[in-house]
Amino acid sequence: MVSKGKVSPRSSVKPLSNKQVSILTSKYECVDPTRNDPIGRNHPCVEEIKAQNPKMTKLLLNTMSWVMRTRGKYYAWGLENIPEEGAFITAATHVTMFDVFVPMVALFHMGRRPRFMAKAELTRWPILGKFFQIVGVQPVERRSGKARAIENTSIDILCSGRPLTIWPEGTVTRDPQKWVMSVKNGVGVIALEASRRLGKQVPLYCAVTWGAASINHWLPWPRKNVMLHYDMQLDYSDLLASQDSWGEHVPQELATQLGIRVQQRMNALMSEIRNEPLPDGYWDYRLSKRVKYV
């Protein structure tokens with residue numbers, strides 16, 4: 001059902017204020033995700049690190065972390081939820097191109113080396129393209145008709161024991177107010193099918209970043225506040241109950257249900273970070289309108 005209210009595509013987005021950062025840091029134990037071992041756990045996944053060009057990855061990680069710190073002040077809570085070993089899925093927000101680096105850098109500093117599902121165009125960029133290849137980007141050829149093959153590659157990554165990061169919206173949000181827009185059901189297909197093959201629910205975590213959209217990369221001073229919340233594991237065990245009757249592929253309605261859960265959880269977390277009420281419904285990418293949940 002399409003809502004009648006319209007949102008101006010030029011709606012402004014307020015930066016994350018110092019006052020709101022103070023509220024969040026007084027409520028949660030926040031750390032700097034751009035620093036090595038930010039929570040002092042000191043249990044890196046050595047096998048993953050050795051398998052992914054450790055010297056070059058370390059150099060790129062340190063360089064990217066420095067670049068990020070010149071443009072923002074970073075805070076994060078919930079990093080203790082990141083598993084020390086084994087497969088898991090991170091479903092991350094995609095408000096701007098820059099904010100994709102925040103959970104990426106955080107996971108690397110926590111000693112994990114996930115693969116990243118990202119548009120193939122990124123790997124063809126000058127200089128940055130090589131960076132993306134080294135840090136484990138799994139290129140996705142959009143509009144290629146290869147959705148099933150892409151999903152199978154992602155499932156294989158998880159079944160090999162490697163973590164995977166997905167931006168479930170598929171691209172930068174088109175919501176004029178920068179909330180999480182409609183989510184593609186690929187995240188549901190990947191999580192459910194990988195869980196079926198592994199015989200257990202693959203841990204799925206939502207990671208919400210807010211504040212990076214305020215960064216002016218030509219004139220990044222004063223540095224803007226950027227907050228990351230790495231959430232607790234999202235439970236979807238009820239959707240796995242009927243897996244013996246699925247047939248060859250995951251039922252689309254179940255994949256869609258899981259995608260909606262991810263979207264709603266992300267927006268709830270973002271609402272707390274922003275200290276703003278959620279809008280009535282969500283932005284539908286295909287319709288370019290705000291619609292109500294059915």
Side-chain angles (χ1 to χ4, degrees), residues 13 33 64 68 76 78 82 87-108 112-125 128-129 131-133 135-144 146-147 149-151 153-155 157-158 162-175 177-192 194 202-213 215 226-231 234 255-256 258-270 273 282-286:
V13 178
M64 190 64 216
M68 289 172 63
I82 297 172
F88 66 92
I89 301 169
T90 300
T93 50
H94 201 353
V95 177
T96 178
M97 286 302 301
F98 192 72
D99 70 353
V100 304
F101 293 101
V102 181
M104 177 189 293
V105 164
L107 286 164
F108 274 53
R112 298 306 309 266
R113 295 293 184 269
R115 300 299 300 271
F116 298 88
M117 302 303 296
K119 60 184 180 182
E121 295 92 321
L122 295 181
T123 62
R124 295 192 281 267
W125 285 2
L128 270 179
F131 164 84
F132 284 118
Q133 293 175 41
V135 300
V137 161
Q138 184 67 38
V140 175
E141 296 287 352
R142 299 186 297 177
R143 296 177 292 276
S144 63
K146 300 178 181 178
I150 293 167
E151 290 167 356
T153 298
S154 302
I155 293 163
I157 289 169
L158 292 167
R162 194 78 177 266
L164 178 73
T165 295
I166 300 172
W167 288 272
E169 296 162 278
T171 188
V172 175
T173 182
R174 298 301 194 264
D175 187 322
Q177 297 177 328
K178 305 303 182 184
W179 297 96
V180 180
M181 66 174 179
S182 50
V183 167
K184 299 181 182 298
N185 66 2
V187 63
V189 171
I190 292 167
L192 292 169
V202 174
L204 171 59
Y205 305 88
C206 294
V208 174
T209 301
W210 182 251
I215 296 174
V226 180
M227 183 70 70
L228 165 69
H229 181 187
Y230 202 93
D231 197 25
L234 182 70
T256 299
L258 183 49
I260 291 173
R261 291 186 191 182
V262 168
Q263 180 200 41
Q264 291 180 323
R265 183 58 183 163
M266 285 174 145
N267 273 329
L269 299 173
M270 185 177 286
I273 295 174
Y282 66 94
W283 193 261
D284 188 290
Y285 176 76
R286 294 183 180 276

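Note that the structure is predicted; figures quoted are calculated from it, not measured.
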- Query: Mind checking whether V202 and L164 have side chains closer than 4.5 Å, heavy atoms only?
  - Reply: no
- State the CG-CZ distance between L107 and F116, to the nearest 0.5 angstrom. 6.0 Å
- Rounding to 0.5 Å, atoms CZ (R162) and OG (S154) come to a distance of 13.0 Å
- Message: Using side-chain contact (heavy atoms from CB on, under 4.5 Å), reason through F88 and I82 one step at a time and then give a plain yes or no.
- Response: CA-CA 9 Å; F88 66 92; I82 297 172; 4.1 Å; yes
- Query: Which residues pass the salt bridge (Lys or Arg N to Asp or Glu O under 4.0 Å) test with R265, sequence neighbours left out?
  - Reply: D231
- Under the salt bridge (Lys or Arg N to Asp or Glu O under 4.0 Å) rule, collect the residues that match up with R112, sequence neighbours excluded. E48
- Message: Once rounded to the nearest 0.5 Å, what's the spacing between atom CD1 of I166 and atom CD1 of I89?
- Response: 5.0 Å
- Message: If I compare all heavy atoms of I157 with all of P163, which pair ends up nearest, and what's the gap?
- Response: CG2-O, 4.0 Å
- Residue pairs passing the side-chain hydrogen bond (donor to acceptor under 3.5 Å, both in side chains) test with at least one member in residues 89-103, sequence neighbours excluded, are T90-Y230
- Task: Might you point out which heavy atoms bring Q263 and V180 nearest each other, and give the distance in Å?
- Result: NE2-O, 3.7 Å
- Can you measure from CD1 (I190) to CD (E151) and round to the nearest 0.5 angstrom? 6.0 Å
- T173: side-chain contact (heavy atoms from CB on, under 4.5 Å) partners, not counting sequence neighbours: E169, D175, K178, M181
- Query: Does the side-chain contact (heavy atoms from CB on, under 4.5 Å) test come out yes or no for V95 and W210, once each step is laid out?
  - Reply: CA-CA 8 Å; V95 177; W210 182 251; 4.0 Å; yes
- Quick one: pull up CZ in F101 and OG1 in T209 and give me the separation to the nearest 0.5 Å. 12.0 Å
- Note on the structure: In short, G188 meets L258 closest at the heavy-atom pair CA-CD2, 3.8 Å
- Message: How long is the straight-line distance from CD of Q264 back to CG of L269, given to the nearest 0.5 Å?
- Response: 12.0 Å
- Sub-3.5 Å donor-acceptor pair from the side chain of N185 to the main-chain atoms of G259, do we have one? no
- With A91 via side-chain contact (heavy atoms from CB on, under 4.5 Å) - residues at least two apart: P168, L204, V262, M266
- Item | Residues that R261 engages under salt bridge (Lys or Arg N to Asp or Glu O under 4.0 Å), provided they are two or more places apart | D238
- Query: Can you check whether Y285's main-chain N or O pairs, donor with acceptor, with S182's side chain at less than 3.5 Å?
  - Reply: yes
- Does the side-chain contact (heavy atoms from CB on, under 4.5 Å) test come out yes or no for V102 and M68, once each step is laid out? CA-CA 8 Å; V102 181; M68 289 172 63; 3.9 Å; yes
- Query: Do side-chain atoms of R113 reach the backbone of F108 as a donor and acceptor pair under 3.5 angstrom?
  - Reply: yes
